[in-house]
There are 2 protein chains.
Amino acid sequence: MDEQIYQKIARNTADDCITCPEERHCLWRTDPLSDSAGTEPATGFKHMRFTPGQAVVMAGYHFPYAATIRAGTASLTRSLSDGRSQIVGVLYPSDIFNSRPALASKYTITATTPLELCCLSEASLQHRLETEKALSRRLLERKLHDLQEARDWMFVLGRKTALERLASMIYTVAERYSHRRQRSPVGVELSLPLARHEIADYLGLTPETVSRNFARLRAAGILSTNSARLITIWNMRALMEATGNDEDGGPIF
Amino acid sequence: MDEQIYQKIARNTADDCITCPEERHCLWRTDPLSDSAGTEPATGFKHMRFTPGQAVVMAGYHFPYAATIRAGTASLTRSLSDGRSQIVGVLYPSDIFNSRPALASKYTITATTPLELCCLSEASLQHRLETEKALSRRLLERKLHDLQEARDWMFVLGRKTALERLASMIYTVAERYSHRRQRSPVGVELSLPLARHEIADYLGLTPETVSRNFARLRAAGILSTNSARLITIWNMRALMEATGNDEDGGPIF
DNA sequence: CGAATAATTGATCGGTATCAAGCTACGTGG
DNA sequence: CCACGTAGCTTGATACCGATCAATTATTCG
């Protein structure tokens, strides 16, 4: 897959960062404190859309852009030829992937909801990394955060029970979307970014076990499942307790 | 714990980067292509030693240095108050940790063998990040590598069997130390960086299960255990196959 | 409305945890 | 140098959680 193919996918020929819903958190934004602030309008972006289930990159292939998510969610998946697969990261709006576009991707990246990307070519990325001093620092901060997230999830996969894993995922999603979730009279309604089999691959479980543990959370009155993706959390406190995490992350003696 | 306490631990008052075994791979080295090359000799380092089992930092506490490993190994551990714990990373010579010394550590960092660190204070780190252009790029590359390692390990924890996990760990260690491992007439002898209970915490298993699977690898003639830490690998190919990984990491259709 | 796909529920199996008992290696002191 | 004690490692018996296989129900989409 080369750059030409992706040219055809691009829907927005004009750069519309001004109307971008993620403009404030976008890594590609020109820093107001930067030397080039104002002198050079944001340029060189390519916007792409993908439908749920559609692969953005296949493992082992080359995707010639570094990208941020404008809207929707995507998954990073590591697979084995025997069919086992594990989602090693879920990407939400403002997240970055493929930060070294020159190298082949080690993961398959798949849209899990309707997805909009904002892409920057290898050349543009290199140019901006050299001219915008703050960009590499911002990128480093972001990747340090991703690293911490990955390591936190290693604990979930290595040491938590099925119920704790599911509760952990739902709680994380609820926190991630806390600024935009819908409040119904009593509960908190939210749309999960993953289908059941994707949740299973994220939690290191089977879809059946995920289903059974949704049933347990329902039976405990913690949440209800309105449709496959849509749930209402009735007791956020109990959900938090079901994650198995300590009350506060403070030091332990 | 503040800087004064760590002053006392420091054994080497002089900067001996010239004699450092990791000098070639050290992140703190002054880049020969850098602007300040030669003008400013490496300075501001503090060397520390720790004995096996000794904690370098406790989770929730502050360690006022960014550090690289000169010699030995250390573990990054995430723990819960109910006793569950998971090693989320093993640090080898030339690895970096605590790259944001201003923040409290989320992990407990423990020496798993006799450990020698080369530490750089927050102030020195900031200074070097600002004056040495290449440093932040090198640090970013390093952290992107760590992130990939963490995600690869997520697959191990989420989807592999006990035997595959153990084989994966041993194979990784064998690769890591391939440049310095001892070759006996037939086998490859190597010293594991972790004790059994630490291996268990790294693999998301119990020490009993780890032991049983060492027995299985022994029975298969793949390796022998000379002492708790020292093993001889007789069949590297079979060990690789026991990891469950695909032959090559290429794309799958 | 009907077909295909996804999700749920049920029954059984198996792998790893747990509980318990030796064993081994190492350090300490006589 | 050896007796002893301790901690870590190994091995055994049993239990349980989640996987697997199978059937049913729900949902989505043409």
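Convention: sequence-line order gives letters A, B, ...; per-chain numbering from 1. FYI, side chains are in, hydrogens and waters are out, and symmetry mates aren't considered; it's all heavy atoms of this structure.
- A:His197 has its NE2 atom 16 Å from the C1' atom of C:dT8, to the nearest Å.
- Overall, the helix from C:dC1-D:dG30 to C:dG30-D:dC1 carries an axis bend of 50° between its ends, with five pairs at each end and the value rounded to 10°.
- A:Glu116 has a carboxylate O that lies under 4.0 Å from a charged side-chain N of A:Arg49, or vice versa, which qualifies the two as a salt bridge.
- Regarding A:Phe214, its CZ atom lies at a distance of 15 Å from the C1' atom of D:dA26, rounded to whole Å.
- Of the residues in residues 151-165 of chain B, not one comes within less than 4.0 Å of DNA chain D through any heavy atom.
- The residue from A:Glu198, A:Met169, A:Glu164, A:Lys160 that alone fulfils the side chain to side chain contact (heavy atoms under 4.5 Å, CB included) condition with A:Leu203 is A:Met169.
- In this structure, the CG atom of A:Leu217 is 12 Å from the P atom of C:dT8, given to the nearest Å.
- Straight-line distance from the CD atom of B:Glu198 to the P atom of D:dC9: 8 Å, rounded to whole Å.
- Judged purely by distance below 3.5 Å, without hydrogens or angles, the side chains of A:Thr73 and A:Thr112 pair a donor atom with an acceptor atom.
- Candidate nucleotides D:dT11, C:dT16, C:dT9 were compared by shortest atom distance to the side chain of A:Ala215, and C:dT9 ranks first.
- Taking a cutoff of 4.0 Å between a charged side-chain nitrogen and a carboxylate oxygen, A:Asp201 and A:Arg84 do not qualify as a salt bridge.
- The main-chain N or O of A:Arg216 is never found under 3.5 Å from a side-chain atom of A:Asn213 such that the two would form a donor-acceptor pair.
- One finds the CD atom of A:Glu175 at 8.0 Å from the CE atom of A:Met236 (value rounded to the nearest 0.5 Å).
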Exercise for the section: Just do the ring pair (Phe, Tyr, Trp, His ring centres under 6.0 Å) check on B:Tyr177 and B:Tyr92 with the steps written out, would you? Expected result: CA-CA 9 Å; B:Tyr177 285 121; B:Tyr92 298 89; 5.7 Å; yes
Completion exercise
Each nucleotide of nucleotides 19-25 of chain C classed B (base within 4.0 Å of a protein heavy atom), S (only sugar-phosphate) or -, in 5' to 3' order, makes B------
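- Taking 4.0 Å as the cut-off between side-chain N and carboxylate O, B:Arg176 and B:Glu149 count as a salt-bridged pair.
- For B:Thr209, a side-chain nitrogen or oxygen approaches OP1 or OP2 of C:dA17 to under 4.0 Å.
- Along DNA chain D, the nucleotide nearest to A:Val210 and the one nearest to B:Val210 differ in position, and the one closer to the 5' end is contacted by B:Val210.
- Taking atom CG of A:Asp201 as the reference point, atom P of D:dG18 lies 17 Å away to the nearest angstrom.
- Considering only side-chain N and O atoms, A:Thr206 lies nowhere under 4.0 angstrom from the phosphate OP1 or OP2 of D:dG18.
- Straight-line distance from the CZ atom of A:Arg216 to the C1' atom of C:dA7: 18 Å, rounded to whole Å.
- A salt bridge does not link A:Glu208 with A:Arg196: none of the charged nitrogens is closer than 4.0 Å to a carboxylate oxygen.
- Neither side chain, A:Asn245 nor A:Ser168, offers a donor N or O lying under 3.5 Å from an acceptor on the other.
- Put simply, CH2 on A:Trp234 and CD on A:Glu189 are 8.5 Å apart, with the number rounded to the nearest 0.5 Å.
- Taking for each of A:Asn213 and B:Arg218 the nucleotide of DNA chain D with the nearest heavy atom, the 5'-most of the two is the partner of B:Arg218.
- Residue A:Gly53 is classed as having no contact, given no heavy-atom separation below 4.0 Å to the nucleic acid.
- What separates CZ of B:Arg196 from C1' of D:dT10 is a distance of 9 Å, to the nearest Å.
- From B:Asp82, atom CG reaches atom CG of B:Leu80 across 4.5 Å, with rounding to the nearest 0.5 Å.
- Regarding A:Asp82, its CG atom lies at a distance of 15 Å from the P atom of D:dA19, rounded to whole Å.
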